[in-house]
There are 2 protein chains.
Amino acid sequence: MPIRLDDSSAAFERDFRDLLSAKREVSEEVDRVVADIIADVRERGDAAVIDYTQRFDALALTPQTLRVQADEIDAAVAACPPEQLAALETARARIEAYHLRQKPQDAWFMDAAGVESGWRWSAIEAVGLYVPGGTASYPSSVLMNAVPAKVAGVDRVVMVAPTPRGETNPLVLAAARLAGVDEIYRIGGAQAVAALAYGTASIAPVAKIVGPGNAYVAAAKRRVFGQVGIDMIAGPSEVLVIADGTANPDWIAADLLAQAEHDVSAQSILMTNDAALAAEVEKAVQAQLQTLPRAEIAAKSWADYGAILLVSDLEAAIPLVDRLAPEHLEIMTADPDRLASMIRNAGAIFIGGHTPEAIGDYVGGPNHVLPTARSARFSSGLGVLDFMKRTSLLKCSPDALRALAPAATRLAQAEGLQAHGRSVTIRLN
Amino acid sequence: MPIRLDDSSAAFERDFRDLLSAKREVSEEVDRVVADIIADVRERGDAAVIDYTQRFDALALTPQTLRVQADEIDAAVAACPPEQLAALETARARIEAYHLRQKPQDAWFMDAAGVESGWRWSAIEAVGLYVPGGTASYPSSVLMNAVPAKVAGVDRVVMVAPTPRGETNPLVLAAARLAGVDEIYRIGGAQAVAALAYGTASIAPVAKIVGPGNAYVAAAKRRVFGQVGIDMIAGPSEVLVIADGTANPDWIAADLLAQAEHDVSAQSILMTNDAALAAEVEKAVQAQLQTLPRAEIAAKSWADYGAILLVSDLEAAIPLVDRLAPEHLEIMTADPDRLASMIRNAGAIFIGGHTPEAIGDYVGGPNHVLPTARSARFSSGLGVLDFMKRTSLLKCSPDALRALAPAATRLAQAEGLQAHGRSVTIRLN
């Protein structure tokens, strides 16, 4: 049974804090194993990657077969149903159109002192994209990671994807082809992260690694951070639905279950000011579970981590939403735009009853890689800026330097950095 | 003696790779210690912070004296020379003016299918700013971290700064006052990072921690990443000067030494196509060292990590610059703008002979917190965006949902996520 909180209860604040701090992932002791794998890949390169792939994926590779060849991708594309390829292309085009608007502007301006300054954005040269194997191998995630990288102008997008016992997902390869991925390697785990970060004889290193993975992949990304850039450390997915009495309980139930079917660690929360609606949603969840192929996963997620928050006033409860900082927020109320405008911390907001999160997962256009585990308090969904970096620019004329010199040299002196001061004054004479 | 590389030498590529991979920091085994400190602060809160401050900073605190009070800041400001305060204000105003231009735009648009989407930027609610103690306690860094946070709209900027044996730097407190820092605590090390990340009875938690620190601080930031956001892990500072025969060797020497005086681990590199200039710069470095208060530090940095790269052609050598990805790049050539436009990987570019890095360190306007250790390949200097996050927005009308439904449900089916598909189709009937 999902937990129930009611903001009129005396225990509410304590229960809400427990909800905020509940850990939904097993914290495995993986860090030592991962450190050893990374050191081994740095030391032995391809040979180490091949050994770990044999051990963890039961797959025998050689330096020549690490990479997925063009003819294999051709065959995978040919094996995909045409209507699935068409749907992928619809998704790709819409994701591209949305992300093209995120391309940042360069700047260059002169101020009253005659100092010219600004900045210039440029794409990261090479980016690695981790794609999980098995059931979490999603073609839509390939698009969501690779399309913004290509929009940013990344020259080399390198995908790694484990293929346990050699089993590949043709639609994942098709998505990579569609998105313009430049290289694909059939490796995974910490060994793939290490190969991307440090390079091997067969795999040139990248400058940044993005994409979700299991605990080993997450630990490896944390370890190579600094050597390369990384995106967020992804946790289990979550949705918060805010609804009032105008909302359709069946639709809400469907959305809660769409989140819950991902993973037993996923979390679905309903916040409402209408106790009758909450009861109807609970009934609808049970009814819809009966006919759901992934009912076992969804039922366990809902029972273990599902939550229903009864609040006396939705607008007044917005600080609770900001504390939860949900990855996905759906708003199904009489005036969803108004409520949406009041939210500060959320990865993505789905406004109104006709905007189920699943539309955004696939074809809406915005990215579906979003901050989990309350990290929307300080971070954003994946976007074009994650694949670019900004170089600041400064240019002084002799007069501009003269104008700034007194303040600069005084501060240098105050900080005890006389060579800093001299590098300014030496130019004034 | 600095190392010398010549791109006409057969050993150049090997030597250049060695230069790229040289470690400039002692990798201390601090991670275990830091993990214990963080666990203790989570467990015991203020009491643990107070114990570690006694042990590491030889300073006895109580929960009441953790925070620096307004009258102490008043007294510090009164103790600063007025011309230093004026210089700080000049710097603050110029940093603010530059960063105001970085404020991002929200977006909202409708596409041909009738789908409305966009995004909204908002400030992070609370940010922690780590300011090192002792010799690396720079008022300019307080401005460079706090001003962009305030420009972004951060409500609560919380500074922590250790004060070993109770010694404070009045100009650091004055800079905090000028920049609008909201709270200051006289604590440092991993215990301060833990207090900011998890909160104590006296210190409310923040959502992101920025600012440089020693190996313990860096390890602590890496550990709390996920609980809170962090900025980059800063390494020793570095400059690359590109110069041709038109450049003034004394100015170059002054700039190389300004970098070298920071720290024995700092790195100053000259790249030139003019062997005679290189020889003159070396002579000038030795001459200027004679009269430099921090000569010992600067000489050691220059001897251990200094480098002179002779190249046959500056433009042709730009790929070497991009591989080095310097934190600071100075260009003193006949046409510095042209060269600047060709560079892809650099934290900041200082264009032309009258733009010494020191101007940018203090009063130029751009941020002086920049990516070190080749991380300009994938990251940017600190800016307003580091203190904001983006929420993506999506809104479908019934018709828009109908238009997108076929592609979304096909992809959901292909991924085996039937509840995703149902959350779309249930709304169509």
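Chain letters run A, B, ... following the sequence lines, proteins first, then strands; residues in each count from 1.
In terms of heavy-atom pairs under 4.5 Å with chain B, the best-connected choice from A/F225, A/W251, A/W121 is A/W251. Of the listed residues (B/G364, B/G352, B/G383), the greatest number of heavy-atom pairs within a distance under 4.5 Å of chain A belongs to B/G364. When each of B/L88, B/L171, B/V228, B/L257 is scored by its heavy-atom pairs under 4.5 Å with chain A, the top score falls to B/V228. Interface summary for chain A: among B/T409, B/D255, B/L256, the most heavy-atom pairs under 4.5 angstrom belong to B/D255. Across A/V115, A/L393, A/N345, A/N367, the residue that shares the most heavy-atom pairs under 4.5 angstrom with chain B is A/N345. Heavy-atom pairs under 4.5 Å with chain B were tallied for A/T90, A/D111, A/V127; the largest tally goes to A/D111. Chain B forms more heavy-atom pairs under 4.5 Å with one residue of A/P104, A/G365, A/G229 than with any other, namely A/G229. Heavy-atom pairs under 4.5 Å with chain A were tallied for B/A126, B/A87, B/P356; the largest tally goes to B/P356. Between chain A and the residues B/A107, B/A340, B/S375, B/A91, the largest count of heavy-atom pairs under 4.5 Å involves B/A340. Residue with the most contacts toward chain A among B/L394, B/I351, B/V172, B/I124: B/L394 (heavy-atom pairs, distance under 4.5 Å). Chain B forms the most heavy-atom pairs under 4.5 Å with one residue out of A/R374, A/Q102, A/E89, and that residue is A/Q102. For the set A/R402, A/E116, A/E125, the count of heavy-atom pairs under 4.5 angstrom toward chain B peaks at A/E125.
Note that the OG atom of A/S21 and the CD atom of B/Q227 stand 9.5 Å from one another [nearest 0.5 Å].
For a residue to count as touching a neighbouring chain, one of its non-hydrogen atoms must lie under 4.5 Å from one of that chain's; by this rule B/Q288 touches chain A with backbone and side chain alike. For B/N248, no part lies under 4.5 angstrom from a heavy atom of chain A. Heavy atoms of A/L385 lying under 4.5 Å from chain B belong exclusively to its side chain. Of the two parts of A/S423, the backbone and the side chain both hold a non-hydrogen atom closer than 4.5 Å to a non-hydrogen atom of chain B. Contact annotation for B/S122: only side-chain heavy atoms (C-beta onward) come within less than 4.5 Å of a heavy atom of chain A. Proximity to chain B (any heavy atom under 4.5 Å) is restricted, for A/R94, to the side chain, taken from C-beta onward. Contacts between B/A123 and chain A at a heavy-atom distance below 4.5 Å involve backbone atoms as well as side-chain atoms. Residue contact with chain B, scored on non-hydrogen atoms closer than 4.5 Å, is absent for A/F387. Residue contact with chain B, scored on non-hydrogen atoms closer than 4.5 Å, involves the backbone and the side chain of A/W119 alike. Of the two parts of A/L85, neither the backbone nor the side chain holds a non-hydrogen atom closer than 4.5 Å to a non-hydrogen atom of chain B. Residue A/L417 touches chain B through both its backbone and its side chain, counting heavy-atom pairs closer than 4.5 Å. At a 4.5 Å heavy-atom cutoff, A/N169 makes no contact with chain B through either its backbone or its side chain. Proximity to chain A (any heavy atom under 4.5 Å) is shown, for B/L329, by neither the backbone nor the side chain. No part of A/Q413 comes within reach of chain B, as not one of its non-hydrogen atoms sits under 4.5 angstrom from that chain. Proximity to chain B is limited to the side chain of A/P366, based on heavy atoms less than 4.5 angstrom apart. For chain B, the nearby part of A/S379 is the backbone; its heavy atoms alone come within less than 4.5 Å.
Under a 3.5 Å cut-off, the side chain of B/K389 and the backbone N or O of A/R344 do form a donor-acceptor pair. Side chain of B/R390 to backbone of A/G381: a donor-acceptor contact under 3.5 angstrom is found. In this structure, A/E261 contributes its side chain and B/A419 its backbone to a donor-acceptor pair below 3.5 Å. A donor-acceptor pair is defined here as one N or O able to donate and one able to accept, closer than 3.5 Å; no such pair exists between the side chain of A/R101 and the backbone of B/G118. With hydrogens and angles disregarded, no donor-acceptor distance shorter than 3.5 Å links the side chain of B/E83 to the backbone of A/R410. Looking at B/R222, its side chain does come within 3.5 Å of a backbone N or O of A/R222 through a donor-acceptor pair. Side chain of B/Q84 to backbone of A/A414: no donor-acceptor contact under 3.5 angstrom is found.
Inter-residue side-chain proximity for A/T391 and B/I343 is flagged as unmet; no heavy-atom pair is nearer than 4.5 Å.
In terms of heavy atoms, B/L411 sits closest to A/V363 at CD1-CG1, 4.2 Å. Minimum heavy-atom separation, A/Y98 to B/S117: CD1-OG, 3.6 Å.
Side-chain contact check for A/T291 and B/R422: at least one donor-acceptor pair (N or O, by modelled atom type) lies under 3.5 Å.
B/R120 is linked by a side-chain hydrogen bond (donor to acceptor under 3.5 Å, both in side chains) to nothing, counting only residues two or more places apart in sequence or in another chain.
Counting only residues at least two apart or in different chains, side-chain hydrogen bond (donor to acceptor under 3.5 Å, both in side chains) contacts with residues 349-361 of chain B comprise A/H420-B/D361, B/Q259-B/E357, B/H328-B/E357.
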